[in-house]
Amino acid sequence: MKQNNKINNSNMDNESDYDVLNAIRTKKASMSKGHKKIADYVLKNVHQCAFFTATQLGEKAGVSESTAVRFPAVIGLSGYPEFQQKLALVVQDKIKSFDKIDILQSNLTEDVILDNILTMDAKKIEHTIKNVDRDAFKIAIDDILSANHVYIIGVRNSEPLAAFLGYYLKVIREGVTVVKMGGLNEMFEDMMHLSEKDVVVGISFPRYSMKTLKAMEYANNRNARVIAITDSKHSPMNMYSSCNLFASSDMASVVESMVAPMSLINALIVSMCVRKNSQVAAYLENLKNTVEDYSFEGNDEINMLDDNIIAELKSITEFT
């Protein structure tokens, strides 16, 4: 695994050494008229071009699709897909480098930011679809539905994900605890009765939580089934898990994108609802009837001087 890490890092270094915008500027003087049009358009609109197809780029630059397709070779690239990747890296590096001052001073317009962030989030979901382990997905569903008790753990940016999964999992089955993570005492109080018949779902994305990792280590030592929902095979959350579900969460701005992890969790919930459709239907019907049985009209305040209460108090006083 360490060897793979080195190979990946080496590839990333090679990618970062190639400056696509500088290559365009350097080669522009020797380009054909059509390719110069593309060069000018890309240099002025790099953030949009990162997400254009060759057809779209040709239309925007006022040249044919075939001219756009041939353009990457002029600047030393293998083809249009690699050209898109290089432009996407420029956009990502620009947005990743934001801090609060950069955002205030940036010349990026709201429209550009909106288009880029939504497109990047869509690409994260697309990447997750292509790379998710479908066997692990099915195993996670089996484990969660068959467990005596399910414990869900998420801290910081993963806390809303844990709450979301816990909320809907309680509709599907009994015995669900979203572990309180205020402190180690609270965490282990919630998990003190954990056994080998239970399942722990640990959710953590960069920056990873040591609390979540310790909780998963504890669950592993108690021989419980441990499911990790995290970003990659290199995540430390995989150390103690027997089932790993990966969702892309690369930072595209000053906040970590949780769109793909939320979508993955949503898929888990819907799949379990389909598996347990009769139980879910019975729960919802029971909830509806309970609300109707105990419903009331008006506000949610009890007036201690309500006429009925006063009359009842009077009758008690007269009787005594």
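We use all heavy atoms of the structure for the numbers below, so side chains are in, but hydrogens, waters and symmetry mates are not.
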Report task. Check the pair Ile172, Cys273 against side chain to side chain contact (heavy atoms under 4.5 Å, CB included), reporting the backbone distance first and the verdict last. Result -> CA-CA 6 Å; Ile172 301 169; Cys273 283; 3.7 Å; yes

Between the side chain of [X] and the main-chain N/O of [Y], is any donor-acceptor distance below 3.5 Å?
{"X": "Thr128", "Y": "Lys124", "result": "yes"}
{"X": "Ser158", "Y": "Leu161", "result": "no"}
{"X": "Asp198", "Y": "Val150", "result": "no"}
{"X": "Asp231", "Y": "Pro261", "result": "no"}
{"X": "Ser204", "Y": "Thr212", "result": "no"}

For residues 162-171, tabulate all N or O donor-acceptor pairs below 3.5 Å that involve a side-chain atom, not counting sequence neighbours.
none

According to ring pair (Phe, Tyr, Trp, His ring centres under 6.0 Å), does anything in [range] pair up with another residue at least two apart or in another chain? List the pairs.
{"range": "residues 193-232", "value": "Phe188-Tyr218"}
{"range": "residues 123-143", "value": "none"}
{"range": "residues 55-82", "value": "His35-Phe71, Phe71-Phe83, Tyr80-Phe83"}

Report task. Go through the steps for Leu57 and Val42 under the test side chain to side chain contact (heavy atoms under 4.5 Å, CB included), then give the verdict. Result -> CA-CA 9 Å; Leu57 179 58; Val42 171; 4.1 Å; yes

**Report entry** Whether over 12 other heavy atoms sit under 6.0 Å from Lys27 NZ
**Finding:** no

Report task. Verify the neighbour count for atom CD of Gln56: are there more than 12 heavy atoms of other residues, nucleotides or ligands below 6.0 Å? Result -> yes

Just to verify, what does [X] make a salt bridge (charged side-chain N to carboxylate O under 4.0 Å, His left out) with, not counting sequence neighbours?
{"X": "Lys130", "answer": "Glu126"}
{"X": "Lys28", "answer": "Asp40"}
{"X": "Arg275", "answer": "Asp142"}

Report summary line: Residue pairs passing the salt bridge (Lys or Arg N to Asp or Glu O under 4.0 Å) test with at least one member in residues 215-229, sequence neighbours excluded, are Asp143-Arg225, Lys214-Glu217

**Report entry** salt bridge (Lys or Arg N to Asp or Glu O under 4.0 Å) contacts touching residues 46-59 (sequence neighbours left out)
**Finding:** none

Do [X] and [Y] come within less than 4.5 Å of each other through their side chains, counting heavy atoms only?
{"X": "Lys276", "Y": "Arg173", "value": "no"}
{"X": "Thr177", "Y": "Ile152", "value": "no"}
{"X": "Arg156", "Y": "Ser209", "value": "yes"}
{"X": "Val179", "Y": "Met191", "value": "yes"}
{"X": "Ile203", "Y": "Ile265", "value": "yes"}
{"X": "Asp133", "Y": "Asn244", "value": "no"}
{"X": "Val199", "Y": "His149", "value": "no"}

Report task. Just do the side chain to side chain contact (heavy atoms under 4.5 Å, CB included) check on Val201 and Ile229 with the steps written out, would you? Result -> CA-CA 7 Å; Val201 181; Ile229 300 178; 3.9 Å; yes

Requested in this report: Enter the distance from Leu194:CG to Asn223:CG here, rounded to the nearest 0.5 Å.
Outcome: 9.5 Å

Query raised in the report: What do the steps show when you test Val132 against Leu264 for side chain to side chain contact (heavy atoms under 4.5 Å, CB included), and what is the final call?
Result: CA-CA 9 Å; Val132 68; Leu264 177 63; 4.1 Å; yes

Report task. Please go through Ile125's hydrophobic cluster and name the other residues, only I, L, V, M, F, W, Y counting, with side-chain heavy atoms under 4.5 Å joining them. Result -> Ile129, Val259

Query raised in the report: Hydrophobic clusters join Ile, Leu, Val, Met, Phe, Trp and Tyr when side-chain heavy atoms are under 4.5 Å apart, directly or via other members; which others share one with Phe246?
Result: none

Report summary line: Here the side chain to side chain donor-acceptor pair (under 3.5 Å) pairs for residues 262-271, sequence neighbours left out, are none

Query - Nearest non-hydrogen partners of Ala136 and Leu245, listed with the distance - result: C-CD2, 3.7 Å

Requested in this report: Specify the closest pair of heavy atoms between Ala224 and Ser195, including all atoms of both residues, with the distance to one decimal.
Outcome: CB-O, 3.4 Å

Query raised in the report: Just checking, is any N or O donor in the side chain of Thr230 or Ser235 under 3.5 Å from an acceptor N or O on the other one?
Result: yes

